[in-house]
Amino acid sequence: MGKIIAVVNQKGGVGKTTTAINLAAGIAANGLATLLVDCDPQTNATGGLGVGRDPERVSTYDVLLGDATAEAAIVETALANLFVIPSSKDLIGANFDLAQQESREFRLRDALAPIRDRFPFILLDCPPALDLLTLNALVAADSLLVPMQAEYFALEGISELTGTLDRVSAAFQPDLGLEGVVLTMYDPRTSLSQQVAENLRGYFGDKLFTTTIPRNVRVAEAPSHGLPVLEYDPKSRGAEAYRDLVRELLARNGIYVTEGSPAGEIVHESDAEESE
């Protein structure tokens with residue numbers, strides 16, 4: 001059964017969608033079928049993967065409202081092994097439309113259940129708000145991955161983040177855990193970035209990813225071309241950082257990528273143990 005990871009932060013502008021896009025692309029580049037579910041009405045993850053915004057196409061909105069299956073909503077991207085359930089602007093009204101529905105918090109979880117076995121990883125790109133859309137993603141997820149900008153306000157959001165995780169775990173999803181926190185827009189030359197990293201490491205321990213994502217113009221340019229930075233400029237600092245983050249994420253899940261090897265040459269923890 002595939003693992004579902006919600007990429008979430010209630011604060012906007014922290015590189016959440018960029019991280020979701022590039023993690024999905026990076027995992028897929030290593031030969032693992034990957035699904036990115038765009039749960040944000042802004043549809044940035046959809047456009048950032050080169051999938052045109054089509055109001056007539058089945059979207060996350062239709063899946064949440066029960067008007068279509070998740071299977072019917074899956075769209076192939078131009079990248080091998082990478083698929084997306086696109087968003088639409090109709091999601092703006094989803095909070096109102098879901099309010100009177102039964103089991104409204106479990107709609108996404110139930111919709112994804114029939115297709116989980118197809119994808120080793122399913123990533124959910126959440127809107128920057130704690131509403132019914134984000135709640136559906138949190139209930140559907142096995143774990144949360146939190147992009148966090150290296151600034152003072154990131155520290156203020158820690159209690160809010162852990163409080164949300166605790167409340168959702170207690171009320172809806174007892175197995176929900178923290179996959180990790182990744183620092184984005186990181187500049188190691190500034191004392192503030194270093195201080196924030198040190199404080200977050202003291203609070204989250206090994207849940208803070210070793211990999212940091214730097215400020216990089218190529219990362220910012222890539223979405224306008226409908227490409228992950230991994231495809232737009234594979235040799236950029238941003239692309240290198242996201243490749244490192246993919247390797248770290250996979251390693252945390254018992255999947256090891258041989259650096260410099262062709263895509264698809266991966267070793268699962270169980271296979272490595274058998275070869276010893």
Side-chain angles (χ1 to χ4, degrees), residues 2-9 14-38 44-51 74-85 118-126 141-148 179-186 208-269:
K3 184 171 190 177
I4 300 179
I5 301 174
V7 184
V8 60
N9 191 318
V14 298
K16 174 184 58 59
T17 297
T18 298
T19 296
I21 289 172
N22 284 286
L23 277 178
I27 294 169
N30 283 291
L32 297 167
T34 306
L35 176 66
L36 178 59
V37 183
D38 191 349
N44 289 334
T46 301
L49 287 175
V51 177
I74 294 174
V75 174
E76 289 188 43
T77 72
L79 306 180
N81 303 312
L82 182 57
F83 304 83
V84 62
I85 293 182
R118 283 185 53 188
F119 302 98
F121 288 93
I122 298 175
L123 273 62
L124 313 177
D125 183 44
C126 302
D142 299 306
S143 63
L144 310 184
L145 188 145
V146 185
M148 192 170 284
E179 187 74 26
V181 175
V182 58
L183 279 170
T184 59
M185 306 178 198
Y186 184 76
L208 181 68
F209 281 92
T210 302
T211 304
T212 58
I213 308 300
R215 288 188 180 274
N216 181 251
V217 66
R218 294 305 199 187
V219 172
E221 291 173 351
S224 66
H225 296 268
L227 290 170
V229 71
L230 295 169
E231 292 290 321
Y232 175 65
D233 189 349
K235 295 183 179 179
S236 65
R237 289 176 59 238
E240 291 175 357
Y242 274 115
R243 277 194 294 272
D244 289 342
L245 183 61
V246 168
R247 282 193 287 267
E248 190 173 354
L249 174 67
L250 292 177
R252 290 183 178 210
N253 287 275
I255 302 171
Y256 297 90
V257 180
T258 304
E259 189 170 357
S261 68
E265 290 190 11
I266 57 178
V267 178
H268 291 261
E269 190 170 46

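Numbering starts at 1 and runs along the sequence shown.
D38 and T46 are linked by a side-chain donor-acceptor pair at a separation below 3.5 angstrom, with hydrogens and angles left out of the test.
The two atoms that bring P120 and L32 nearest to each other are CG-CD2, 4.1 Å, heavy atoms only. When all heavy atoms of A20 and L123 are compared, the closest pair comes out as O-CD2, 3.7 Å. The shortest heavy-atom contact between P147 and V8 is CD-O, 3.7 Å. A pairwise comparison of heavy atoms in L249 and I27 identifies CD2-CD1, 3.9 Å as the closest pair. Taking all atoms of both residues into account, the shortest heavy-atom contact from A25 to L82 is CA-CD2, 3.9 Å. Nearest approach of N22 to T18, heavy atoms of both residues: ND2-O, 2.9 Å.
The line from CG of L79 to CG of L227 is 7.0 Å long, rounded to the nearest 0.5 Å. Taken to the nearest 0.5 Å, the OG1 atom of T212 stands 9.0 Å off from the CG atom of D244. To the nearest 0.5 angstrom, D233 atom CG is 10.5 Å from H225 atom NE2. Note that CG of L23 is 10.0 Å distant from OG1 of T34, once rounded to the nearest 0.5 Å. The CG atom of L230 sits 10.5 Å away from atom CD of E240, with the distance rounded to the nearest 0.5 Å.
No side-chain donor-acceptor contact under 3.5 Å links R118 to the backbone of L35. T184 places a side-chain N or O within donor-acceptor distance of the main-chain N or O of V14, the cut-off being under 3.5 Å. In this structure, K3 contributes its side chain and D142 its backbone to no donor-acceptor pair below 3.5 Å.
Under the rule for a side-chain contact (heavy atoms from CB on, under 4.5 Å), the partners of E248 that lie at least two apart in sequence or sit in another chain are F209, T210, T211, R252. Take R237 and apply the side-chain contact (heavy atoms from CB on, under 4.5 Å) test, not counting sequence neighbours, and it matches P214, N216. Considering only residues two or more places apart in sequence or on other chains, A78 meets the side-chain contact (heavy atoms from CB on, under 4.5 Å) condition with none of them.
Checked against L145 for a side-chain contact (heavy atoms from CB on, under 4.5 Å), the options T19, N9, L245 give a single hit: T19.
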**OP:** Give the intermediate values and the outcome of side-chain contact (heavy atoms from CB on, under 4.5 Å) for residues I213 and L183.
**Re:** CA-CA 6 Å; I213 308 300; L183 279 170; over 6 Å; no
**OP:** Evaluate the criterion side-chain contact (heavy atoms from CB on, under 4.5 Å) for residue pair E179 and N253; output intermediate values, then yes/no.
**Re:** CA-CA 10 Å; E179 187 74 26; N253 287 275; 3.0 Å; yes
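The shortest side-chain heavy-atom distance between P223 and I21 does not fall under the 4.5 Å cut-off.
Ring geometry, F119 versus F83: the interplanar angle exceeds 60°, so the pair is classed perpendicular (tilted spans 30 to 60°).
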